[in-house]
Structures are given as structure tokens and as C-alpha cells.
**Student:** 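Below you will find the structure I want to go over with you.
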2 protein chains.
Amino acid sequence: MNDPDFSRRIRDAGGRVTAARLAVLRCLAEADEPLTPDEVLEHLARNSDHVPDRVTIYRAIDWLAVHGLVRRLATVGRAARYEPVEDREAHAHFQCRRCAQTRCLPAPTPPLPPLPSGYVAERVELVIHGLCAACRAGENE
Amino acid sequence: MNDPDFSRRIRDAGGRVTAARLAVLRCLAEADEPLTPDEVLEHLARNSDHVPDRVTIYRAIDWLAVHGLVRRLATVGRAARYEPVEDREAHAHFQCRRCAQTRCLPAPTPPLPPLPSGYVAERVELVIHGLCAACRAGENE
DNA sequence: GGTAAAAATGCAATAAAATGGCAAAAAGAC
DNA sequence: GTCTTTTTGCCATTTTATTGCATTTTTACC
Ligand SMILES: [Mn+2]
Ligand SMILES: [Mn+2]
Ligand SMILES: [Zn+2]
Ligand SMILES: [Zn+2]
């Protein structure tokens, strides 16, 4: 599956269309929640034919982020999480403090608050911290 | 300076009042922006008499966070950032993508959006990503 | 299709941030 | 001051990410 849209977006961003970039981008687009680089590697190891090196995944994600095809979320966990930048309006995320699950919420991002002079905003991010349904149910384990 | 209020809050939380906990809590309270554990260590190394071990700082911060005296922010950088939990209403933060400066904004946190059923929110966090005044000025360096 | 230049990759080494184990030290109750 | 429990310091280790460099892949051009 050599999705022509992914290829085009990479080419339009001025980069070379490589197996690693396509695989990473497709992986993030198919996931229904933001993934860590390691989770991307796991997914590719299970579902893909050619599995890129871990460093290549880091570099591919990084390139995609710098060129606006994916975005890195602010997280409380140790690992970074990424999601594809798509048509969908920017939205809020829920982060479970127990299992670190991060999931997209329907809520749109709130409006930009006033900033100190000279500061320029590029993105507004809303993070809800709490317990997911599963963790709440089994909290006393 | 053995601030009785900090001591009391630690004791009320059920812990022992130690030099490290007091120093870390005071450091975060005196800083005007959220700090990383390493920045706390630097501050203490410069301003304090007894400088705790790095691991002790991690453990003190962690204890303070678990007991609600400080809170950990969601960040895009690799290092965690903490700020004291004080009287002040929960507020938004600005994170500079170039220098990683994180600063408190006057804007209060927006209301909680609807969550999937079974999910419980404990905190709402608003993060503004962009460029700080200094980085914007010198962006082409 | 073949060739050359530029960009991307794999692999090993290294760095940054955080955590775990354990004996020694400090804190608090008496 | 003594005793018990908690905390600390030190060292080793883990997790996550980055860097250097030779090799491979991509793309532009013929
Ligand atoms: Mn999302
Ligand atoms: Mn703040
Ligand atoms: Zn959970
Ligand atoms: Zn800046």
C-alpha cells in the first residue's frame, strides 16, 4: 500500500519519499490515538514487511514533525507522543495518570488567551489529566 | 529560612520535614516559572548551603507531587517541569519551541470538556506553543 | 535504463533524564 | 538520649533520544 496521498504530502514538503517515512506516517494515521516512537516501531514490526531501524524511526518522525505532517503532543510521561496532522480540527487529549493512555477527545481546542507582548503563539493544546475507564475500575489492584 | 508554612504543609501531608523537601519546595515557590529537576539542583547549588544529591531531588519532587504540594506539567521537552500548587487559580502555560522556556500565563484554565463515559478528570491543562519574545527576535541566528 | 549528486539509513557509540537497591544518616516519638 | 521509621547518598541501571560516519537509496538528469 503505497498511498499516493502520503507520498505527495512528503514530496510537497520538500523531502524524499522513503519507505520509513511512508510507513511511519501511515502507522500514525491508522492508529486511533497518539503513539510513541517505540509504539510505532512495534506496530511496524508486527504489520510491516520492512522494519526500519529505531533511529530511522526517530529521524522520520522528527522530519515529519518539522515539516508539519505530524505533531508532537505535550505529555506527562517520559516518552513523546505523535499524531498525524490531518483535516480534523485541533482537539483536546486525555491522558490517564495510571496507564499513560493518551486519547483524542471530540472537544475542539479553546481560543488563544492573551500573551505577553512579543510572544507569538503557534498552537493551543488542551490536556485533560485523570483516570481512564479501565484504570478507574481496577484502581485498587 | 525555615519557612514554617512549608514545614507545616509537608507535615500535614504526612511526611517528615527534611532539608531536601524544604529546599525544593521553597525553590519552586520562589521561581517565577516551572523548573526541571536539574534546574532546581542548579538553583540550590548556587543559593543554598546544603545541596542535596540529584536523586534526592528527584525523590523530593516526586513526594511533593504525589502529595499535592507541587504539580508536574505536560511538556514537549524531554525534562519534566514542576510548579508549586498554591492559592493561585490553575492557569495556562506558554512553552517556547526554540528555547524551551516555560512561563505561566494569566489566563485561567478553560472548563472541562465532556469525556467518554467512565473517564474521570482530575485536572485541565492549557498549553500554548510558540516563540517567546527573545527567540522571535533572534530567530534567524 | 544508466549515472552522479544529494539525502536518508543502519549500526555503534553516546547523551540525557529518570529509577532502583542498599547501607548510612536523619527525623520524630517516647 | 534511645528506638523505630523514613529519608538520603552513592552507585548501578533503565528508558528515551541523539550523534558520527560509512553505506545505501532516492531523485534529477541525460
Ligand atoms: Mn489527537
Ligand atoms: Mn504556572
Ligand atoms: Zn488508564
Ligand atoms: Zn524562547
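Chain naming here is simple, since letters A, B, ... match the order of the sequence lines and numbering starts at 1 in each. Computed from heavy atoms alone, side chains included, the values below leave out hydrogens, waters and symmetry copies.
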**Student:** Using whole Å, what does the distance between atom P of nucleotide D:dA17 and atom CZ of A:R81 come to?
**Tutor:** 10 Å
**Student:** How many whole angstroms separate atom CG of A:D12 from atom P of D:dT27?
**Tutor:** 13 Å
**Student:** Within this structure, what is the CD1-to-C1' distance between B:I10 and C:dA26, rounded to whole angstrom?
**Tutor:** 15 Å
**Student:** With a 4.5 Å cut-off on side-chain heavy-atom distances among I, L, V, M, F, W and Y, is there a chain of contacts connecting B:Y58 to B:V70?
**Tutor:** no
**Student:** Return the value, rounded to whole Å, for the distance between atom CZ of B:R11 and atom C1' of C:dA27.
**Tutor:** 11 Å
**Student:** 5'-most contact on DNA chain C: B:A80 or B:T18, nearest heavy atom basis?
**Tutor:** B:A80
**Student:** Take B:A19 and A:A60, find for each the nucleotide of DNA chain C with the closest heavy atom, and name the residue whose nucleotide sits nearer the 5' end.
**Tutor:** A:A60
**Student:** When you check the phosphate oxygens OP1 and OP2 of C:dT19, does a side-chain N or O of B:Y58 lie under 4.0 Å from one of them?
**Tutor:** no
**Student:** Spell out yes or no: do the side chain of B:R16 and the base of D:dT5 have one donor N/O and one acceptor N/O closer than 3.5 Å?
**Tutor:** yes
**Student:** Round to the nearest Å and state the distance from A:I61 atom CD1 to C:dA8 atom C1'.
**Tutor:** 16 Å
**Student:** Of all the choices, C:dA18, C:dT9, D:dT16, which nucleotide is nearest to the side chain of B:R78 once you look at every atom?
**Tutor:** D:dT16
**Student:** For a quick check of understanding: with a heavy-atom distance under 4.0 Å over all strands, which category does B:A20 fall into, base, sugar-phosphate or nothing?
**Tutor:** sugar-phosphate
**Student:** Taking C-beta and beyond as the side chain, do B:Q95 and B:V127 meet within less than 4.5 Å on heavy atoms?
**Tutor:** yes
**Student:** Tell me whether B:D12 at atom CG has more than 12 heavy atoms from other residues, nucleotides or ligands lying less than 6.0 Å away.
**Tutor:** yes
**Student:** Just N and O in the side chain of A:H50: are any of them under 4.0 Å from OP1 or OP2 of D:dT24?
**Tutor:** no
**Student:** Send over the distance from B:D62 CG to D:dT6 P, rounded to a whole Å.
**Tutor:** 17 Å
**Student:** Taking it one step at a time, do A:E30 and A:H43 satisfy side-chain hydrogen bond (donor to acceptor under 3.5 Å, both in side chains)?
**Tutor:** CA-CA 10 Å; A:E30 281 172 1; A:H43 280 241; over 6 Å; no
**Student:** Using a 4.0 Å heavy-atom cut-off, does B:R59 contact any base of the nucleic acid, only the sugar-phosphate backbone, or nothing at all?
**Tutor:** base
**Student:** Rounded off to whole Å, could you give me the CD1-to-P distance for the B:I57 and D:dC10 pair?
**Tutor:** 13 Å
**Student:** Do B:D5 and B:R8 sit within salt-bridge range, that is, some charged N less than 4.0 Å from a carboxylate O?
**Tutor:** yes
**Student:** Tell me whether the OP1 or OP2 atom of C:dA8 has a side-chain N or O from A:R21 closer than 4.0 Å.
**Tutor:** yes
**Student:** Mind calculating the distance between NE2 (A:H67) and P (C:dA7) to the nearest angstrom?
**Tutor:** 11 Å
